[in-house]
Structure formats: C-alpha cells, structure tokens
Novice: 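First the structure, which I've put down as structure tokens, then a few questions once you've had a look.
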Amino acid sequence: MEQAATDRGLRELIRQGASDSKQIARSRDGIMESCGHLIARAQEQGTMRDDITVDDIAPIVAMIDSVVDLPSVGASQPWRRYLAFILDGLRTRPDHRGQRSS
C-alpha cells in the first residue's frame, strides 16, 4: 500500500482488475498467491480470523485506495490510519464469530 500511495500508475493497475497484459496478470496472480500464503500462515498461528480469504484482499485494497488522496494532517497520512483499523478487524478475537478461540 505504501508503494501504491506514491505511485499513481501502480494504483491505476490495481484498480483495473482484469487486464489484457499477460505480464500484469502474472504479477497480480503472484501477489495474490503470496497473500494467500500470508493469510494461511496467520490463520495457522491463530492471529487472523478464520473467515478471511484471499478474495477479501482486493476489496480491502480498494477501500484503502479510496482514502489515499485525502490530505495529510501534519506528518500523518490518513490511509495508514484506516489501514490500521482494517488490520485490527482482521485479527482473531474471541468475541467474533467465525474465528478461532484461544
């Protein structure tokens, strides 16, 4: 997200979804595969909700992308704050359904 926040071209590629370019499609597939491995590892460790899947990544990225252009307040970049909120929501908590209990 940090790289996308400073690279408008990358953000446009992320927004496009399906692409005619085989290279872009391969890159996107590689990123999603890596995300899938990270999700599986976090779920195995019990730190991420069990109901999160790789299919949740694109909408999360879209949500953060929608606030990237908000003006910074002092040294703070608003997208980082909202990303922290989302990441907190992905963490395992015993009071949420669909999650592992510790």
Side-chain angles (χ1 to χ4, degrees):
M1 284 310 310
E2 184 170 350
Q3 185 175 358
T6 60
D7 186 334
R8 187 171 298 274
L10 177 57
R11 286 179 52 210
E12 288 300 319
L13 287 174
I14 291 170
R15 288 180 189 150
Q16 284 179 3
S19 174
D20 293 333
S21 168
K22 290 180 184 180
Q23 183 178 2
I24 291 171
R26 276 194 306 271
S27 295
R28 187 174 288 116
D29 290 345
I31 290 168
M32 295 308 285
E33 183 177 340
S34 295
C35 287
H37 292 303
L38 288 171
I39 290 168
R41 189 170 67 195
Q43 289 171 335
E44 288 168 9
Q45 293 172 348
T47 57
M48 180 176 279
R49 296 168 50 138
D50 286 334
D51 58 340
I52 303 300
T53 71
V54 72
D55 294 332
D56 295 313
I57 300 302
I60 290 169
V61 169
M63 285 185 266
I64 297 303
D65 180 63
S66 71
V67 297
V68 164
D69 290 329
L70 291 176
S72 294
V73 178
S76 175
Q77 296 170 317
W79 71 266
R80 291 180 184 276
R81 180 172 187 244
Y82 296 113
L83 179 59
F85 292 155
I86 291 171
L87 293 176
D88 282 344
L90 299 176
R91 288 190 180 93
T92 302
R93 290 181 33 194
D95 60 329
H96 285 181
R97 293 183 331 140
Q99 299 178 23
R100 296 178 190 200
S101 56
S102 301

Novice: Taking ring pair (Phe, Tyr, Trp, His ring centres under 6.0 Å) as the cut-off, I'd like each qualifying pair that reaches into residues 42-84, sequence neighbours left out, listed once.
Specialist: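 Listed once each, the pairs are Y82-F85.
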
Novice: Locate the shortest heavy-atom distance separating R49 from G89; write the atom from each residue and the value.
Specialist: CD-O, 3.0 Å

Novice: Minimum heavy-atom separation for T92 to G46, with atom names?
Specialist: OG1-O, 3.1 Å

Novice: CZ/R91 to CE/M48 distance, rounded to the nearest 0.5 angstrom?
Specialist: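 Atom-to-atom, R91:CZ and M48:CE are 9.0 Å apart.
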
Novice: Does one hydrophobic cluster hold both V54 and L87, with members joined at side-chain heavy-atom distances below 4.5 Å?
Specialist: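 In one cluster with V54: L87, yes.
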
Novice: Tell me whether M32 shares a hydrophobic cluster with I52, the cluster being built from Ile, Leu, Val, Met, Phe, Trp, Tyr side chains joined at under 4.5 Å.
Specialist: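 Looking at the clustering, I52 is in the same group as M32.
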
Novice: Is there a path of hydrophobic side-chain contacts, each under 4.5 Å between heavy atoms of I, L, V, M, F, W or Y residues, that connects V61 with I31?
Specialist: no

Novice: Just jot down the side chain to side chain contact (heavy atoms under 4.5 Å, CB included) partners of T47, sequence neighbours excluded, or say none.
Specialist: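 Per chain and number, T47 pairs via side chain to side chain contact (heavy atoms under 4.5 Å, CB included) with A42, Q45.
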
Novice: Is there side-chain contact between L90 and I60, with heavy atoms separated by less than 4.5 Å?
Specialist: yes

Novice: Taking all atoms of both residues into account, what is the closest heavy-atom pair of P78 and P71, and its distance?
Specialist: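 Nearest heavy atoms, P78 then P71: CG-O, 3.3 Å.
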
Novice: Assigning hydrophobic clusters by single linkage (Ile, Leu, Val, Met, Phe, Trp, Tyr; side-chain heavy-atom cutoff under 4.5 Å), is I39 placed with M63?
Specialist: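 Both belong to a single hydrophobic cluster.
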
Novice: Residues in side chain to side chain contact (heavy atoms under 4.5 Å, CB included) with T53, at least two apart?
Specialist: D55, D56

